[in-house]
**Student:** 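Following this message is one structure expressed as structure tokens.
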Amino acid sequence: RYARLDTALESLAGFAETHATTEQLLGVARRTTELREDLSRLVDPPTEHALWVTRKRRSVVLGAAAISVGDTLRQRVFARTGGVVLTSATLTSVPVAGSDEVGATPFSFVRQRLGLDQPLGTTIDELEVGSPFAYDACTLLYVARDLPEPNSPAFNDAAIERVTELVDVAGGGAFVLTTSVRALRAFGAALARGTGREVLVQGEAPKNALIARFRQHGDAVLVGTMTFWEGVDVAGHALRLVVIDKLPFAVPTDPVVSARCAALEAAGLDPFAAYSVPAAAITLKQGVGRLIRTRQDRGIVAVLDRRLVTRGYGRRMLERLPMKTRTERLDEVRAWWDTHGPVSRRRSSSPPEG
């Protein structure tokens, strides 16, 4: 069947190219050729690719993705240019195999993922630049150490109750960032019932529309999953509390994650230490980074996952976060907000500086 489909697509592409008199026909030719290439990668995938099938109600989706993009980047980018500058607020992470490994740096994980851990015949310089924001003065990090373990059946109810308390402390203006769609729905429904505030939930409207409504309201609560952990910018008093339900480990059953972990294990590495922890540390920094967007911003970051302070890997993630003013007590959160919170009402709505 694949051969028949490929032949039909080849004929269609050839016909479109031969009779192309409009841009639309040229588009048909290009799209058909791309489809043939995609199908060939599914039937005869390149080495180190993950393949999967997703069954939906009315369709079946075939997927393929590279386990590592390092070789591609080395061959097509780094080896062909005179110089490359890689810059991001989240390039650094916990060192790949533990902070005690000789030669490990905060850039080790991204170097491994981008193929820069192998000789390129050129110099690789690293520079970690500090934040322009005075985090110690304008933020408080709260870790809910007293909540149950995240895998406990009691966690969700306890976490929802704690989020309700935190929203009450800040008077709204909260992002609640979850690590799963199930938690998204549970938190959204419970907060809509229990806070008496405007609660916006991912999926109820387009992302940009939700952000606009949140910004305009000023005291709303927005519940979102991974799409809201990065690339979202709300400066000013409208966002003064960011709550993270759990450490954002990638789903182990995801086909690409599973394949990457299997490859690391085959190479004699611990997938959890070499991939899961560094990747989660970067995602955590992205989520935390939603709070402070200008020098005038201030607020609270609350992590409901006790593993951030009770596990060794959690403490390594903790040390990579920019805020050093921390507490594990809710009464201290209230006291800090009573002292620092009201000032935030005078914050500027100037464009983000970082």
Side-chain angles (χ1 to χ4, degrees), residues 1-13 27-72 113 150-153 155-156 159 176-190 200-210 222-232 244-266 271-272 274-277 279-280 282-283 286-287 305:
R1 291 182 180 180
Y2 163 71
R4 291 169 56 190
L5 177 58
D6 184 66
T7 299
L9 291 172
E10 183 180 24
S11 299
L12 177 58
V28 169
R30 286 193 297 268
R31 183 67 189 96
T32 306
T33 300
E34 291 170 357
L35 184 57
R36 289 187 68 209
E37 293 173 353
D38 290 343
L39 288 170
S40 71
R41 281 194 289 269
L42 289 170
V43 175
D44 185 19
T47 56
E48 297 190 349
H49 266 59
L51 304 178
W52 68 92
V53 178
T54 302
R55 294 183 179 274
K56 298 186 177 181
R57 181 176 299 178
R58 297 183 179 180
S59 64
V60 175
V61 179
L62 305 178
I67 298 174
S68 171
V69 297
D71 289 340
T72 301
R113 296 291 304 129
N151 60 355
S152 166
F155 175 80
N156 256 20
V176 179
L177 303 178
T178 70
T179 51
S180 69
V181 174
R182 177 179 295 179
L184 169 83
R185 293 169 179 164
F187 276 77
L200 310 172
V201 181
Q202 178 183 334
E204 293 180 344
K207 180 178 179 179
N208 289 340
L210 288 175
L222 190 152
V223 186
T225 189
M226 282 303 170
T227 186
F228 282 88
W229 285 64
E230 58 181 310
V232 175
I244 292 171
D245 71 332
K246 297 179 182 179
L247 297 182
F249 289 110
V251 179
T253 54
D254 178 275
V256 179
V257 173
S258 177
R260 286 174 178 167
C261 290
L264 289 168
E265 192 169 11
F272 185 72
Y275 178 76
S276 298
V277 171
I282 288 177
T283 304
Q286 289 171 333
D305 190 334

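Both backbone and side-chain heavy atoms feed into the values below; hydrogens, waters and symmetry mates do not.
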**Student:** Any idea which heavy atoms bring I67 and A263 closest together, and the distance?
**Tutor:**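 The answer is CG2-CB, 4.3 Å.
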
**Student:** Side chains of residues 246-258: which donor-acceptor pairs under 3.5 Å do they make with residues two or more places apart or in other chains?
**Tutor:**
unit_1, atom_1, unit_2, atom_2, d
K246, NZ, P150, O, 3.4
D254, OD1, V256, N, 3.0
D254, OD1, V257, N, 3.1

**Student:** What residues form a side-chain hydrogen bond (donor to acceptor under 3.5 Å, both in side chains) with R36, not counting sequence neighbours?
**Tutor:**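 Residues passing side-chain hydrogen bond (donor to acceptor under 3.5 Å, both in side chains) with R36: D6.
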
**Student:** Could you state the interatomic distance from OG1 (T178) to CD (Q202), rounded to the nearest 0.5 Å?
**Tutor:**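 So the OG1 of T178 and the CD of Q202 are separated by 7.5 Å.
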
**Student:** Salt bridge (charged side-chain N to carboxylate O under 4.0 Å, His left out): which pairs involve residues 55-71, sequence neighbours left out?
**Tutor:**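 Counting only pairs at least two positions apart or across chains, the salt bridge (charged side-chain N to carboxylate O under 4.0 Å, His left out) contacts touching residues 55-71 are D71-R74.
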
**Student:** Could you walk me through whether L184 and V201 pass the side chain to side chain contact (heavy atoms under 4.5 Å, CB included) check?
**Tutor:** CA-CA 8 Å; L184 169 83; V201 181; 4.1 Å; yes

**Student:** Which residues pass the side-chain hydrogen bond (donor to acceptor under 3.5 Å, both in side chains) test with R30, not counting sequence neighbours?
**Tutor:**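 side-chain hydrogen bond (donor to acceptor under 3.5 Å, both in side chains) check on R30 returns E23.
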
**Student:** Provide the closest heavy-atom pair for A183 versus D245 in the form atom of the first, atom of the second, distance.
**Tutor:**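 That closest heavy-atom pairing would be CB-OD2, 3.7 Å.
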
**Student:** Hey, is CD on E265 packed in by over 12 heavy atoms from elsewhere, all under 6.0 Å?
**Tutor:**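 No.
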
**Student:** Does F155 have any ring pair (Phe, Tyr, Trp, His ring centres under 6.0 Å) partners at least two apart in sequence or in another chain, and if so, which?
**Tutor:**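 For F155 there are no ring pair (Phe, Tyr, Trp, His ring centres under 6.0 Å) partners, ignoring immediate neighbours.
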
**Student:** Just to verify, what does R31 make a side-chain contact (heavy atoms from CB on, under 4.5 Å) with, not counting sequence neighbours?
**Tutor:**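 Here the qualifying residues are E34, L35, D38.
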
**Student:** Between G203 and L210, what is the shortest heavy-atom contact and its length?
**Tutor:**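 Shortest heavy-atom separation between G203 and L210 comes out as N-CD1, 4.3 Å.
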
**Student:** Are E230 and T283 close enough, and set up right, to give a side chain to side chain contact (heavy atoms under 4.5 Å, CB included), and what steps lead you there?
**Tutor:** CA-CA 8 Å; E230 58 181 310; T283 304; over 6 Å; no

